[in-house]
Amino acid sequence: MEHFETLLAEKRGNVGLITLNRPQALNALNSAVMRELAESLAAYDADEAVGAIVLTGSEKAFAAGADIKEMQPVSFVEAYVGDFLGGWEAVAATRKPLIAAVSGYALGGGCELAMMCDFIIASETAKFGQPEITLGIIPGMGGSQRLTRAVGKAKAMDLVLTGRMMGAEEAEKAGLVARIVAPERLLDEALEAAAKIATFSRAAVLMAKEAVNRSDELTLAEGLRQERRLFQSLFATEDQKEGMAAFVEKRKPNFGNR
Ligand code: CO8
């Protein structure tokens, strides 16, 4: 992949690894990060050899929020007409599984970016928060919506209204984080999870992600109907035949992955 200014994108086997790389600003998210992240995610989505993606930052910061220095002079008209932050929707639109490996600060837009991923693996050092209120603004990229769905109204209100940070343990207990690992294990744990996902049937993996994401949007009855249709459709795939034959024959399945 071409050289990026604000992040590193590299392939590790069947996994796309994206590392935010603005150490001088604790990986603050500016429009260049938004552009380059959207571009690298789209490239991995289109790359048949990639089965899952890991997004990470540095040991000190996953991302300390939107770039306050870039935002400071923005006027309402510029924000509204230019659809300020609208381009970040590309992250949640990624079709392949996207794992956030979070160490250190995940604040404001950084917490929101982690929540756009499919699940979060956190280092014991991770700190999550929505401190926008301390800057005279509110979360603008899902902090009032995805956080509330993840941790419930009480804790979301606490975090959004006070701007306080919560540690990895509290975040896991609250349902924001899937796993906590020691700092030195963080990247390996995320890469191993992604590599495992990449071995499964590509069609089944994409449908699994799609089905779980629908639970945020549909009624239970609609969601169950949608899930059943997706489930049924997988019986049209070679991978279903292979997966079940392998189980019966007591061998490892060899999924086609396309
Ligand atoms: N934007 C720009 N620069 C930043 C940011 C940021 N969000 N965070 C840190 N930096 C810079 C600092 O200015 C500093 O640069 P310099 O050395 O040039 O002064 C450098 O990174 C190191 O930071 P600190 O010296 O402050 O490091 P500390 O270890 O003392 O403190 C903290 C770390 C606590 C994380 C502190 O940096 C901090 O509070 N940062 C701001 C956190 C924040 O308020 N984030 C929310 C931003 S608002 C937001 O995200 C709106 C969301 C809308 C959608 C977002 C779409 C992407």
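First listed ligand is number 1; within each ligand, the first listed atom is number 1.
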Show me which atoms of ligand 1 lie under 4.0 Å from any heavy atom of [X].
X	answer
Leu29	57 (C)
Gln24	15 (O), 20 (C), 21 (O)
Met71	48 (S)
Glu112	52 (C), 53 (C), 54 (C)
Leu107	35 (C), 42 (C)

Original post:
Protein heavy-atom contact under 4.0 Å for atom 8 (N) of ligand 1?
Top reply: yes
Original post:
Got a protein heavy atom sitting under 4.0 Å from atom 38 (C) of ligand 1?
Top reply: no
Original post:
Hey, mind stepping through Leu7 and Leu37 against side-chain contact (heavy atoms from CB on, under 4.5 Å) and telling me if it holds?
Top reply: CA-CA 8 Å; Leu7 53 84; Leu37 191 54; 4.1 Å; yes
What's the shortest distance from [atom] to any protein heavy atom, and which residue and atom give it?
atom	value
atom 30 (O) of ligand 1	Lys60 NZ, 5.0 Å
atom 53 (C) of ligand 1	Leu85 CD1, 3.6 Å
atom 46 (C) of ligand 1	Pro131 CG, 3.8 Å
atom 56 (C) of ligand 1	Met141 SD, 3.0 Å
atom 42 (C) of ligand 1	Ala64 O, 3.4 Å
atom 23 (O) of ligand 1	Leu26 CD1, 3.6 Å
atom 4 (C) of ligand 1	Ala25 O, 3.8 Å
atom 16 (P) of ligand 1	Lys69 NZ, 3.9 Å

Measure from the side-chain N and O atoms of [X] to the backbone N and O of [Y], and report whether any donor-acceptor pair falls under 3.5 Å.
X	Y	answer
Glu217	Arg214	no
Lys96	Asp45	yes
Asn30	Ala66	no
Glu242	Asn254	yes

Original post:
Between the candidates Gly108, Ala66, Pro23, Ala61, which shows the shortest non-hydrogen contact distance to atom 6 (C) of ligand 1?
Top reply: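 Checking each option, the heavy atom nearest atom 6 (C) of ligand 1 is found in Ala66.
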Original post:
Counting heavy atoms only, which of Ile138, Leu135, Asp67, Val91 is nearest atom 48 (S) of ligand 1?
Top reply: Leu135
**OP:** Considering non-hydrogen atoms only, spot the tightest contact between Ser123 and Ile180 and give its length.
**Re:** C-CG2, 4.2 Å
**OP:** Might you point out which heavy atoms bring Ala63 and Asn27 nearest each other, and give the distance in Å?
**Re:**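 Closest heavy-atom pair between Ala63 and Asn27: CB-O, 3.4 Å.
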Subject >> Gln130/Leu107 under side-chain contact (heavy atoms from CB on, under 4.5 Å): CA gap, chis, key distance, verdict >> reply: CA-CA 6 Å; Gln130 299 290 159; Leu107 302 177; over 6 Å; no
Original post:
Would the number of heavy atoms belonging to other residues, nucleotides or ligands and lying under 6.0 Å from CD of Glu59 be above 12?
Top reply: no
**OP:** Can you establish whether the number of heavy atoms outside Lys173 located under 6.0 Å from its atom NZ is more than 12?
**Re:**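 Open.
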**OP:** Looking only at distances, please establish whether an N/O atom of ligand 1 is found under 3.5 Å from an N/O atom of Ile68.
**Re:** yes
Subject >> Any N/O pair Gly109/ligand 1 closer than 3.5 Å >> reply: yes
Original post:
Side chains of Gln226 and Arg229: donor-acceptor distance under 3.5 Å anywhere?
Top reply: no
Original post:
Do Gln240 and Ser201 meet the criterion of a side-chain donor-acceptor pair at a distance under 3.5 Å?
Top reply: no
